[in-house]
Every structure is written in structure tokens, then in C-alpha cells.
There are 2 protein chains.
Amino acid sequence: MQTEPRGPKFRRRAEARPEEVLDAALALFVEKGFASTRVEDIASRAGLSKGAVYLYFPSKEAILEGLVQRAVVPIAANALGFLSNYTGDPRPVISSVLKMVAHQLTQPGTVAIPKLLIREMIHFPELAAMYRREVLDRVLPVLEQLISNGVAEGHFRPIDPQLTIRSIVGPIVLHMLMAEVFGIVPDEGLAMERLVDNHLAILFDGLSAPQSDRRFMAT
Amino acid sequence: MQTEPRGPKFRRRAEARPEEVLDAALALFVEKGFASTRVEDIASRAGLSKGAVYLYFPSKEAILEGLVQRAVVPIAANALGFLSNYTGDPRPVISSVLKMVAHQLTQPGTVAIPKLLIREMIHFPELAAMYRREVLDRVLPVLEQLISNGVAEGHFRPIDPQLTIRSIVGPIVLHMLMAEVFGIVPDEGLAMERLVDNHLAILFDGLSAPQSDRRFMAT
DNA sequence: TAGTTATAACTGACCAGTTAGTCAGTAGAT
DNA sequence: ATCTACTGACTAACTGGTCAGTTATAACTA
């Protein structure tokens, strides 16, 4: 059945191994959780033996750490530059950031790490702390500044910037949470774009109909 | 040292045992996760031996099931009656529901079960499905109806009811998630009431300042 | 009231299954 | 011929679930 039944039993490819182990581990951790994934499963999915995994990682936990490390590095460098020191009406920026985040979250790999962290945080609190330091503590202050500027320059009502971050991002997070955890999606599927559009309309201009739109009131 | 060093080794209290086991299990599952909690830990915290636990629950998993069952029953009966068949301006209802939910979430026991489910759902999908059936599938349609009515009667802009639920509840969920998972709370503490007030202001009337409030624009 | 019996409630040592991590030996590369 | 990437059987530790035996308590007897 194999294309090469008489091929060598293994190859020596020390350079590529760690990445392959991390890929395999991520897939399995997401699918079955950290505890239920055996090191041997990771090994065989990565195409080597259990013993070989321990040549590259000192423990099972170290694999998880490597996973989070690898995910954290690009984020810090990524979506921050074009947010900082922005002045002027923040609404277009918020719109495009939300759309970008929403699009990112639709890609399979992106949610995997936070999902994993939420599950395993209790067993590895240091890991969650690291994610917080490297990702959240960098992104949140920038958002806060953006909103503060919006208030200072009169584009926004005088709202609390810290708390408003939750009003901006919360709906997208809840949407993903409902879909991922309980399989609750809108009638037409995930509909991430429509969610963002619907949310932005409410976010900027509110749920309440303007007076001119009120056709009739409750009897 | 004991007040009663010669007291009996145990008491026969068959009626009270299951509840005590569930209480002990909930505390430990929340603290250390399902897998890392040994049945013996549950037993000793509940004040009996491991063997006795198996007189009341056929397996460790059955304890978890019992936990979710116990949490689910009151919810279905609780906050639904006063929401159904409501007509008229939904805004006061939404305000009080959000405030009620926010207050509930501050009580320690309430978040425990959903937190547990998010963590253990992968290992026990049937349990998450049950929670969805018994809680979410009952609450969400009522909220959806409430918003639909608001739109039909002209109180709200013509927004999508299903998606708008996320805009209403998402910020509270994210607030709890940030606090519980990453320990990120506003400067003054959890500030749940201020969060709800800030959010309701945005939710009903939007983030954008009305024209009259715009003192100056970006240069 | 005190002793006897019956039985339900409970204990804790034990078993069986699982798996992270080790290491002596093997096989591919150069 | 040498070096090193790699294998896989093994061990040591852990824990869910069992069960033969023990103890508390209620019911019965005298």
C-alpha cells in the first residue's frame, strides 16, 4: 500500500523536527486537550518515536510552552504599529480593526491558542500570565488610548475607555465562544461579516431608533 | 487537640451525603480541573472515604453530571417568566436583565458551572449539549423575541435580533472572561455596575457624540 | 434500662489500567 | 569508521473503581 514499503525506517532531520512536533501537538491538544494527549500520539503524528520527542523537548509541558511561545512572538510585532499614535476620528480605525480581528478569528489556527489557554490555564498559570504579558498588556493600552483620544477630540461621548473596550470587542468574542463551545451559530452560518456590520451600527449610533424613525409606540 | 478525640469514626447520614459530595466536587473541579481532582480528594473534603462516594455515584463522571444537573434545574425555572410575552419598549427590560445578570455573575457559584463546561466540554460533549438544551436554547429565543418586538414597534433600528444579542451580552461576558482567565480588571476593581452603566449608554445611544456635543474635530 | 441482633453506612487496602519519562541499543548519514 | 538521530521496551508513579471487612444505629427483647 505504501509508495515506498522498503524505505528507510526513519530519516535524520534534526532541524525540522521541533516545528513538526509543535504542529502535531497543537492539533492534538486542541482536539483532545493536554492531559488526554499522549506523548506517543504527538510523536507518531509528527512521524517519529516517543523517545525522539524527548531529544527536542525536555518534557510534555515544555511542548505546550513552546507552542505558546511560537504563537506569541508574531502577535506582538503584528497589529500594533498601525494603531499607535493615531489621531483623528477613531471610528474608521475601530471598524477596520474589528473587521481584521473578525477575519483573523475565522482562520482555524488563530483561536486555537487562546482556547487551549482557557482550558489549561489552571494547570499552567505561568503560561497564561505570559500570554497576558506578551499579548493583552500590549494591545489593551493602545486601544484604551485610541478611545481616550476619541473622547478628548469630541468624536465620542464621555465614556470610560477601559470599560468601553469590552463593549467594542465583547460581542465578537461572545460570538466565537457560542459557536465554538456550544455550536450556536446564526441561522445562516457563522456570518462573521454580518455580525461585525450589525455590531458597528449599534456601537457607533446605538440601538435606539432616532425619533424620526419611530413609526408607532407601544399601545 | 480535637474537641472530641474519642468520637465515632464516622456518622451514618445517607440523606445528606450526595449534596455534600457535589459541593466538595464543585469546589475542587473549579480549583484544579476535573482530571486533576482525585476522587479521594472529593471524598475527604466531603468528610467520607473514597469507597463511600461510590455508594452514591457510580463513577467520577457521574459526579460531574450531577453537578451540571443541579445547576441547570433552577435556571430554567428562574429568569424566564418575566421576560416572555413582553410588549412595549424593551429598553427598561434589557436594562434590568443586564443588571440582574451582572449581579448574579458576581456571586461566586454562578460562573463556576459554565467555566467548568468550557474546560471539560471536549471530554464530555454530551454535558455541554445538555447545558445548551436546558439553558441557552430556552433563554436565547426569548431575548430574540424581545428584540424583534422592539424593532417591530419602532423602538429599535432595524437590526438583526440574533446578532444583536451578542452586542447586548458580549461585553459582560468578556468582562468576566478577562477578569477570571487573565486577572485583568479595571483600575478600581471589578466595577461590574459601572461596566453595565457604561455599556447601556453605548448600547442604546451609541458611542458617537451627538452633533451638539462635538466641541472640536481633529486637526 | 440494658443487652442482643440485624443491617445499612462506611472504610481503606488492593487491583488493573494508563502513561510520562529513560536508556541501551540500532540504523542512517557522512 | 564514526557520529548522532532515532527506536521501542521498560519502569515508576499515579488513580478510578472494587470489595471484604468494620462500625454506627435502629429495632427488638427481656
Side-chain angles (χ1 to χ4, degrees), chain A residues 2-26 28-29 31-67 116 120 122-124 127, chain B residues 2-26 28-29 31-67 116 120 122-124 127:
Chain A
Q2 299 281 41
T3 53
E4 206 186 61
R6 304 254 184 153
K9 201 165 169 183
F10 61 88
R11 304 265 172 98
R12 297 174 53 176
R13 302 186 304 111
E15 320 76 34
R17 293 304 196 195
E19 287 292 310
E20 290 171 355
V21 171
L22 290 182
D23 291 341
L26 178 59
L28 290 168
F29 288 167
E31 182 189 335
K32 319 198 300 181
F34 179 83
S36 302
T37 300
R38 288 173 304 143
V39 175
E40 198 158 339
D41 293 339
I42 300 173
S44 76
R45 184 183 243 259
L48 21 55
S49 71
K50 182 162 83 154
V53 169
Y54 283 91
L55 296 175
Y56 301 106
F57 296 92
S59 70
K60 191 184 176 187
E61 187 178 340
I63 300 177
L64 182 59
E65 280 164 20
L67 222 43
L116 209 53
E120 311 296 348
I122 292 196
H123 305 289
F124 312 105
L127 236 100
Chain B
Q2 300 281 41
T3 53
E4 206 185 61
R6 304 255 184 151
K9 202 164 166 182
F10 62 88
R11 304 266 171 94
R12 297 176 49 177
R13 302 187 304 111
E15 319 77 32
R17 294 303 197 194
E19 286 293 311
E20 291 171 355
V21 171
L22 290 182
D23 290 341
L26 178 59
L28 289 168
F29 288 167
E31 182 189 335
K32 317 197 301 179
F34 179 83
S36 303
T37 299
R38 288 174 303 144
V39 175
E40 199 159 339
D41 293 339
I42 300 173
S44 77
R45 184 183 242 260
L48 19 56
S49 70
K50 182 161 80 154
V53 170
Y54 283 92
L55 296 175
Y56 302 105
F57 297 91
S59 69
K60 190 184 177 187
E61 187 177 340
I63 301 177
L64 182 59
E65 280 164 20
L67 222 43
L116 210 54
E120 311 294 348
I122 291 196
H123 305 287
F124 312 105
L127 233 93

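Computed from a prediction, not measured in an experiment: that's the story for all the values here. The chains referred to below are lettered A, B, ... by the order of the sequence lines, with proteins before strands, and numbering in each begins at 1.
As rounded to whole Å, 14 Å separates atom P of C:dA20 from atom NE2 of A:His123. The CD-P distance, from B:Glu61 to D:dG16, rounds to 13 Å in whole Å. Rounded to whole Å, atom C1' of C:dC10 lies 14 Å from atom CD of B:Glu20.
Shown for residues 41-57 of chain B: residues whose heavy atoms fall under 4.0 angstrom of DNA chain C, namely B:Leu48, B:Ser49, B:Gly51, B:Ala52, B:Leu55, B:Tyr56.
Out of D:dC6, C:dA20, D:dG16, the shortest distance to the side chain of A:Arg17 is found at D:dC6. Taking the side chain of B:Val39 as heavy atoms from C-beta on, and the options C:dC10, C:dA20, D:dG16, the nearest nucleotide is D:dG16.
Residue pairs meeting the side-chain hydrogen bond (donor to acceptor under 3.5 Å, both in side chains) criterion with at least one member in residues 42-58 of chain A, sequence neighbours excluded, do not occur. Each salt bridge (Lys or Arg N to Asp or Glu O under 4.0 Å) pair with one or both residues in residues 52-66 of chain B, not counting sequence neighbours, would appear here, but there are none.
Take A:Phe57 and apply the ring-ring contact (aromatic ring centres under 6.0 Å, His included) test, not counting sequence neighbours, and it matches no residue. The side-chain hydrogen bond (donor to acceptor under 3.5 Å, both in side chains) check on A:Glu19 picks up A:Arg70, with sequence neighbours excluded. With sequence neighbours left out, the side-chain hydrogen bond (donor to acceptor under 3.5 Å, both in side chains) criterion links B:Ser36 to A:His123.
Aromatic ring pairs are classed by plane angle as parallel below 30°, tilted from 30° to 60° and perpendicular above 60°; the pair A:Phe34 and A:Phe124 is perpendicular.
Counting non-hydrogen atoms under 4.0 angstrom, B:Thr37 reaches the backbone sugars and phosphates but no base.
Where B:Glu15 and A:Ser59 meet DNA chain C, the nucleotide closest to each residue was compared, and B:Glu15 sits on the side nearer the 5' end.
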